[in-house]
Amino acid sequence: MTKMSKMHKRVLRAHGAMLALSACAALPIAPAFAQTTDSNQSLQLQSVTVTAQRRTENIRDVPVSVTALKGDKLDVLVSGGDDIRLLAGKVPSLNVESSNGRTFPRFYIRGYGNTDFNTFASQPVSLVYDDIVQENPILKGFPIFDLASVEVLRGPQGTLFGRNTPAGVVKFESEKPNLKKVEGYYNLSAASHYTMNAEGAVNVPLSTNVAMRVSAVGQHRDDYVDNFSDVAMTQKRGELDGYNEHAERVQFLYSKDGFSGLLGFHQRQTNGSARLFRANLIKKGSNTFADGTDLDKIVTNAQNFQSLKTNGINLRLQWDLGNYRLHSITGYEHIVDYSSRGDIDGGTPAGPGFIPFQVETNGYIENLDQYTQEFRLESQYTGPLNWQAGLYFFDEDVTGGSDNFNSTTYARTSRLRSNQKNEAWAAFASASYDLTPDWTIRGGLRYTKDEKEFRTIEATNVVQIGPSSVEESKDKINWDLSATYKLTPNVNVYGRAATGFRAPSIAAASAEVPITVADSETIKSFELGVKADLFDRRARTSFSIYDYTIEDQQLTVVGGNSNVNRLINADKTKGKGAEFDFEAAVSTALRVSAGASYNYTQIRDASLSVNRCAQCTITNPLNAVGRVVIDGNPLPQAPRWTFNATARYGVPFRDGELYVFTDWSYRSKINFFLYEATEFTGAPLTEGGVRVGYIFGNGKYEVAAFGRNVLDQRRITGAIDFNNLTGFTNEPRQWGMQFKGNF
């Protein structure tokens, strides 16, 4: 038995002990929490409800490892105007990164994700916004504003959420219109680098049965990175790394006599810098910054810009039919235009450092149309049995590609343009049954049929290898089965087995690589957990352990000695680990929360090898032809450990409340690519935020000073693995002020 497996067993034994301790939480209250009955009632945490099983349930009763972000926690995270990547590490087992900046986020749950930067990429983590799946990665970056909650569902969700959910689901739910009164909020902040954030919403009842909610956000950051066209930094070309973004959402609610209809419109526009790649940012033989690195300056000779415009509409209808409830969910998402152009080599012919050749590219989408339709019928019985069943349809048509440019003349040197059509439909059913007042079992099935048609429609100055079109069609049945047992009225234990499926993926051709297809991947996952309300509901906790096996996992091979992207399948990938969540009201003044995860992943395929990078220090073995053997490696962007914690301390002051809030997250080291190399191992990262605020006017107003990444810990968070040691970094420290008002 290997040393790693022994260590892993010790970790799981320790976690098993924690599971037993958590289960014992129903024993008499610890002295530290002893209070009078009235005091305990005032300190009780509000129940958290989630829709992880497509019904509104107490989070304790759901047999899924799920974390919900709501209220103050969510508001603090977005106070600095950050994009969706801010969620990385804020809940157990979740990582989010991007090589495209504020667009094209890539999600990983339990180490399982996809590093593919292809325009047509699919991901095993599904993002669902207001019940509409956001399939293309460009759609996944919609700004975070005016939200009721964010839920992170870990593990396969293939029965109820369907397509591309073998790793899990990140679920956003907007605040909805209400029929009661005119109300709303406004939120203004200013921070370092002239970062501005303006957000607000207003709810207006239009009649006794109709209400409207309008919400919007605008974000700006000045270009603050000095851009030079020569290594001596004497020829300044301007500044980079700013952005302008705004998004709007309008919703109309109609409700009468057991029927409700919710119609929503949304749109987003983004302009600014593309991701800043920095040539030879990484010191050879290490994973630290090269000597003399100044992250407020860059040397590049290419054009750099990013623009995106999207819009969409969704309609959710609901009929209450007594013992049944019928849902119709219709969605349309449209990318009007997307373009991201930048200097991939990260420098000029003169440097910094050795740059064998220049690469300037533009990734783009000319048009994307996505239609989805779901019909779902659920029971509302008062007895032990309840069920839901439905039909789902998905249709996507997207045209996009990539251009290469001459970095001296800026003239386009080649173009590859492709189109992908994807149709899928599914039928699903799920049921729960209360065997006894303490035992509940749940199970579900889903049949999916997925068809893709991919073709090259333009290849200018690109000699395409192989066929110019590919068609794929797959079908699959997924299932899940779980059981929940109430140890006490406040402590539940559960077990869950589930499967997931991701249809074949297709990557566009290049000058050196034909159209590549990765076959469908499947996952089997097993999970045990405990969820408990503790100390007379002054605290809550959850703990889970899991084990999964992925068959034929789709992996993305990038770089080597050229800028290519191709897909492969690994015979098998193993994952195992544990997750922990905790929240408590320590006193009337102090609230705390904490989370942690241990995620172990390993690629198991002795036949797999990939091209090595040009200049890095490979730590994996090479085969007879000099390729890197990746068998036994962890998955990319999969930290072994993550931790997060928050604390809020508030005291009365004059006619309001003065408070201090802090939040922290940590992740251990990560691999950027499938192979392991000294330079392409991301160092551990700790990021923290602080906030000092005053709430006054009967809770209507708040003024606060805040800091994000207060340690100013800068890390290399990603790289380009050909040509040179090019990399990019996390966001810098921010200090700012915020004012909020409610009406």
Side-chain angles (χ1 to χ4, degrees), residues 49-59 61-68 107 109 123-135 149-173 314 316 318 324-331 372-381 385-394 424-433 440-450 475-484 494-503 522-527 529 546 548:
T49 59
V50 294
T51 55
Q53 300 284 281
R54 307 299 298 274
R55 299 174 182 265
T56 300
E57 298 177 277
N58 188 307
I59 194 170
D61 298 329
V62 178
V64 174
S65 180
V66 56
T67 300
F107 293 80
I109 292 179
Q123 296 182 355
V125 177
S126 184
L127 188 137
V128 177
Y129 213 121
D130 289 340
D131 283 336
I132 306 299
V133 64
Q134 308 293 299
E135 174 65 12
S149 69
V150 177
E151 297 175 18
V152 179
L153 285 59
R154 295 177 283 266
Q157 309 297 323
T159 298
L160 292 174
F161 290 93
R163 61 175 299 104
N164 292 357
T165 61
V169 171
V170 180
K171 189 173 184 293
F172 291 79
E173 193 67 30
N314 54 72
R316 289 183 276 182
Q318 181 177 291
Y324 308 99
R325 182 175 292 158
L326 176 63
H327 302 263
S328 171
I329 304 169
T330 307
T372 57
Q373 175 63 54
E374 177 176 297
F375 296 104
R376 180 165 52 90
L377 182 66
E378 64 175 292
S379 68
Q380 302 183 97
Y381 304 145
L385 173 68
N386 271 288
W387 54 265
Q388 51 186 312
L391 297 171
Y392 177 80
F393 176 73
F394 172 91
W425 69 271
F428 62 92
S430 170
S432 65
Y433 188 79
T440 299
I441 58 172
R442 306 189 192 206
L445 290 170
R446 188 183 190 102
Y447 171 81
T448 301
K449 175 78 171 180
D450 195 293
D475 61 343
K476 187 69 177 177
I477 294 177
N478 290 316
W479 56 267
D480 68 78
L481 181 65
S482 63
T484 304
Y494 72 91
R496 182 174 188 258
T499 66
F501 160 73
R502 184 155 65 113
T522 59
I523 182 175
K524 290 182 180 178
S525 172
F526 302 92
E527 181 178 319
Y546 68 86
Y548 65 75

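Below, all heavy atoms of this structure are taken into account, side chains as well, without hydrogens, waters or symmetry copies.
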Atom of L127, atom of F107 and distance for their closest heavy-atom approach: CD1-CZ, 3.6 Å
Heavy-atom side-chain proximity of N478 to P156 below 4.5 angstrom: no
4.5 Å side-chain heavy-atom contact, Q53 and R442: yes
Inter-residue atom distance Q318.CD - S328.OG, 0.5 Å rounding: 11.0 Å
Test side chain to side chain contact (heavy atoms under 4.5 Å, CB included) applied to T159 and L445, D480, L481, the passing residue: D480
Separation of L385 CG from S432 OG (nearest 0.5 Å): 7.0 Å
Under 3.5 Å donor-acceptor, T499 side chain and W479 backbone: yes
Interatomic spacing from CZ in F161 to CZ in F428 - rounded to 0.5 Å: 10.0 Å
Results of salt bridge (Lys or Arg N to Asp or Glu O under 4.0 Å) for E135 - residues two or more places apart only: R163
Salt bridge (Lys or Arg N to Asp or Glu O under 4.0 Å) partners for D130, two or more places apart: K176, R316
Those residues that, when tested against F526, pass ring pair (Phe, Tyr, Trp, His ring centres under 6.0 Å) (two or more places apart): none
Of H327, R54, R325, the residue whose pairing with E378 passes side chain to side chain donor-acceptor pair (under 3.5 Å): H327
Residue that, paired with L153, satisfies side chain to side chain contact (heavy atoms under 4.5 Å, CB included) out of V125, V66, V62: V66
Sub-4.5 Å side-chain heavy-atom contact between Y392 and R446: yes
Closest approach of P166 to N164 (non-hydrogen atoms, all atoms of both residues): CD-C, 3.2 Å
4.5 Å side-chain heavy-atom contact, T484 and D61: no
Side-chain (T165) to main-chain (Q157) donor-acceptor, under 3.5 angstrom: yes
Qualifying residues under salt bridge (Lys or Arg N to Asp or Glu O under 4.0 Å), relative to R502, sequence neighbours excluded: E521
For the student: nearest non-hydrogen atoms of L377 and W387, plus distance: O-CZ3, 3.5 Å
Test item: E151 side-chain N/O and T51 main-chain N/O as donor-acceptor pair under 3.5 Å: yes
Note, N314 side chain near D131 side chain (heavy atom, < 4.5 Å): no
Polar side chain donor-acceptor pair, N386 to S379, under 3.5 angstrom: yes
Exam field: side chain Q134 to backbone V128, donor-acceptor pair closer than 3.5 Å: no
Residue pair G331 / I132: nearest heavy atoms and the distance that separates them: CA-CD1, 3.7 Å
Check: T67/R154 side-chain N/O donor and acceptor closer than 3.5 Å: yes
All side chain to side chain donor-acceptor pair (under 3.5 Å) counterparts of Q388, not counting sequence neighbours: R376
Partner set under ring pair (Phe, Tyr, Trp, His ring centres under 6.0 Å) for Y129, not counting sequence neighbours: F142, F172
Over all atoms of both residues, closest heavy-atom pair of S65 and Y494: N-OH, 3.6 Å
Minimum heavy-atom distance A503-D450, with the two atoms named: CB-CG, 3.4 Å
Distance (rounded to the nearest 0.5 Å) between I523 CD1 and F501 CZ: 13.5 Å
